[in-house]
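Heads up, the thing below is written out as structure tokens.
Keep in mind the model is a prediction, meaning the values are calculated, not measured. Chain A is the first sequence line, chain B the second, and so forth, proteins listed ahead of strands; every chain is numbered from 1.
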Amino acid sequence: MLMTRPVRRGGSSHFRPRLVYLRAPMADEHEHEIQHMIDPSVPDLSPLETLRHSAAHVMAAAIKKLWPDARLAFGPHTDDGFYYDIDMPHRLVPEDFERIEAAMQAEVDGKHPFVREEVTRPAAIELFTRLGEGLKVEAIAAIPGDATLTLYRSGDFVDLCRGPHVANTAQIRSFKIMSIAGAYWRGDETRPQLQRVYGTAFADRKELKEHLRLIEEAKARDHRKLGKELGLFHFDPIAPASPFFTGRGAVVYNSLQAYVRQLYRKHGYEEIITPQIFDMDLFKTSGHYEHYKDNMFACTIDEREFGVKPMNCPGHCILFRQTRRSYRELPLRIADFGRLHRYERSGVTGGLTRVRSFAQDDAHIFCLPEQVGAEITSVTNTILECYRTFGFDQPEIEVSTRPASYLGELATWDRAESALMAALDAAGLPYKINKGDGAFYGPKIDFKVRDALRRSWQLGTVQLDFQLPERFGLEFVASDDSRGRPVMIHRAMLGSLERFFGVYLEHVAGRFPTWLAPVQVAVLPITDAHHAWTHEVAAALNAAGLRVETDLRSEKLGLKIREATLLRVPYMLVLGDKEVEARGVAPRSRDGKTGPLEPLAEFVARLAIEAQIPSGSADPTPQQLAPQLAPQLTPLA
RNA sequence: GCCGUUGUAGCUCAGUCGGUAGAGCAGCUGAUUCGUAAUCAGCAGGUCCCCGGUUCGAAUCCGGGCAACGGCUCCA
């Protein structure tokens with residue numbers, strides 16, 4: 001039951017209702033909303049976020065009990081839990097987690113209500129100074145204005161906090177300390193580092209268990225692990241953060257490119273090839289030298305400074321202006337799989353997700369200002385089609401608008417931003433606006449997909465650019481013979497192919513659809529007597545353009561099946577007396593299903609269709625689509 | 001770049017107090033010819049990440065580098 005009491009607000013004299021929680025049972029779904037409605041200064045958190053933020057308080061209280069000299073910083077909720085930044089002499093190790101959890105449980109068992117309290121700034125400073133919470137005092141100093149501050153008490157723990165919170169610590173029943181990491185006070189790397197303790201909490205034990213299972217599953221299908229197990233790619237210290245793709249990996253990589261090329265053909269792009277290394281003058285013109293030089297590989301030859309391209313756009317501008325362009329040529333859509341090199345700082349790289357040598361499915365569209373809307377619509381549709389093919393759900397779309405420091409005319413920005421949103425509106429696509437998050441050269445749309453484990457990845461991007469056409473003096477001849485400046489649209493669907501490779505590998509847990517599988521069919525003779533038919537079958541598959549491997553070793557069938565299964569080969573053909581006699585095959589899928597004996601030609605014809613690169617001219621067949629959630633494979637013994 | 005952790009055979013890992021480097025899998029050789037997720041035996045395989053120091057002696061201790069991993073920051 002909710003009760004209200006009058007509370008003085010700020011300096012004004014009016015009274016407003018305020019909440020006090022007296023109720024123990026958890027999870028009134030609407031508590032937080034009520035809290036938020038009554039006081040808009042209370043952040044609008046979801047019930048789960050509220051629970052997690054409350055759990056952060058409980059954890060902080062527990063840590064303060066165990067290590068009274070701990071100084072608290074901030075303790076917010078995150079996408080899948082919460083953390084608290086703490087400054088203390090004791091260096092936490094995983095062995096401490098159990099003690100912390102036990103102390104947290106004591107807080108929970110104490111059934112302490114969360115009590116909100118309003119204080120003046122001086123009172124808050126006085127309180128936290130007395131408690132020795134220097135970081136809190138600093139945080140108070142950083143809060144602008146002289147608004148009333150709020151405290152939340154639970155038991156004998158008190159924290160500066162805007163809330164909201166659950167009613168009572170007893171509601172925090174399912175929690176776990178996850179990990180410990182370093183973090184800076186307010187992200188400032190010149191300040192001493194704090195210890196960030198990560199935890200998670202859920203409304204009930206079942207959800208917590210499921211969350212922990214998903215974490216285990218994510219570990220099992222980590223693309224770095226799968227890449228090694230499946231022999232797809234390799235890293236060596238001799239080329240830090242730069243993948244070596246093996247023969248198998250390159251099949252996947254090239255097939256991804258082949259698919260994107262299908263889309264290009266369908267949607268009116270032409271693919272070009274541009275240089276790798278340019279005179280640094282190019283990047284001085286584009287602005288990369290000024291803004292991005294520290295991330296570029298450079299060298300000086302013959303007293304001339306060169307830079308390895310970190311992006312394709314400047315080179316594309318050169319190609320655009322190498323001839324006089326008529327408005328009739330626009331929109332000009334040029335695509336480039338050019339290899340890019342960026343000197344990513346040593347601490348930021350990892351697996352395929354952030355590498356120093358990579359390629360994008362990159363394209364630039366040069367168009368008339370009035371063509372922007374139609375182009376955005378077309379690009380967006382192509383991106384959505386692309387993600388469908390890979391079995392991703394509808395992506396989350398975010399529009400980033402003009403940042404504080406920007407280049408170009410205000411009116412142009414306004415026009416561009418409304419063009420982006422109008423295109424999305426027209427397509428009936430929901431999106432979120434990230435105000436002020438655009439690049440300084442133009443607004444953008446980002447596309448984020450969720451993979452099979454519900455993790456979010458930013459893949460595609462569509463960016464308007466008014467700067468490069470200006471800087472490179474690009475122009476076209478208009479119908480009245482005047483000169484106009486084209487608008488440049490940067491766009492990528494998969495983003496970095498390397499990164500997409502990693503994301504997708506995890507999404508399908510190594511079970512590539514047939515058209516992407518490095519090996520599509522494994523032919524497994526039972527004994528030497530079946531080798532002749534094996535060679536015939538393999539030759540027929542090979543002739544149909546399928547990727548086939550034979551296993552002629554004198555190993556037992558079980559082993560051959562096991563190994564092909566672990567390599568996630570989509571189909572296995574076990575050949576024994578029956579198959580030889582019938583001149584047929586009985587395909588076994590990697591899921592363990594065995595089909596009936598059928599004539600070889602039938603299987604070849606069927607598989608050839610399934611293995612086709614999705615054409616982009618029709619919806620992919622179910623077989624071409626990726627499996628949504630791969631069944632769990634028996635782990636290696 | 002910053003903080004922390006780690007680095008031993010192709011892979012996954014063990015290695016006590018500083019005293020000649022270990023296993024399983026993979027590989028090679030041989031045997032086995034087998035019907036839907038691991039046949040048996042033998043052999044071979046090492047710059048203990050790199051450089052330097054301490055020590056009679058270093059995988060082990062110390063210093064410096066490199067790389068990977070977990071985070072932070074960054075990702076015009």
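Using a 4.0 Å heavy-atom distance criterion, A:Q463 is classed as making no nucleic acid contact. Heavy atoms of A:G287 sit under 4.0 angstrom from at least one base atom. Heavy atoms of A:R354 sit under 4.0 angstrom from at least one base atom.
Across all strands shown, B:C17 forms no Watson-Crick or G-U wobble pair with both key distances under 3.5 Å.
Between A:S179 and A:H291, the residue anchored nearer the 5' end of RNA chain B, judged by the nucleotide with its closest heavy atom, is A:S179.
Residue A:H288 has its side chain nearest to B:A76 when only B:C72, B:A37, B:A76 are considered. Distance from the side chain of A:T349 is smallest to B:A68 among B:A68, B:A76, B:C72. Ranking B:G70, B:U39, B:C11 by closeness to the A:E555 side chain, first place goes to B:U39.
Between the C1' atom of B:A68 and the CD atom of A:E344 lies a distance of 17 Å, rounded to the nearest Å.
For the salt bridge (charged side-chain N to carboxylate O under 4.0 Å, His left out) with A:E506, the qualifying choice from A:R499, A:R455, A:R221 is A:R455, the only one to do so. The side chain to side chain contact (heavy atoms under 4.5 Å, CB included) test with A:D551 singles out one residue from A:R553, A:E555, A:E549, and that residue is A:R553.
When atom types are taken as modelled, the side chain of A:T401 and the backbone of A:G436 share a donor-acceptor pair closer than 3.5 angstrom.
Side-chain contact check for A:F472 versus A:R321: some heavy-atom pair is nearer than 4.5 Å.
Below the 3.5 angstrom threshold, one finds a donor paired with an acceptor across the side chain of A:Y184 and the base of B:C2. Residue A:R562 places no side-chain atom within donor-acceptor reach of the base of B:U36, judged by atom type and a 3.5 Å distance cut-off alone.
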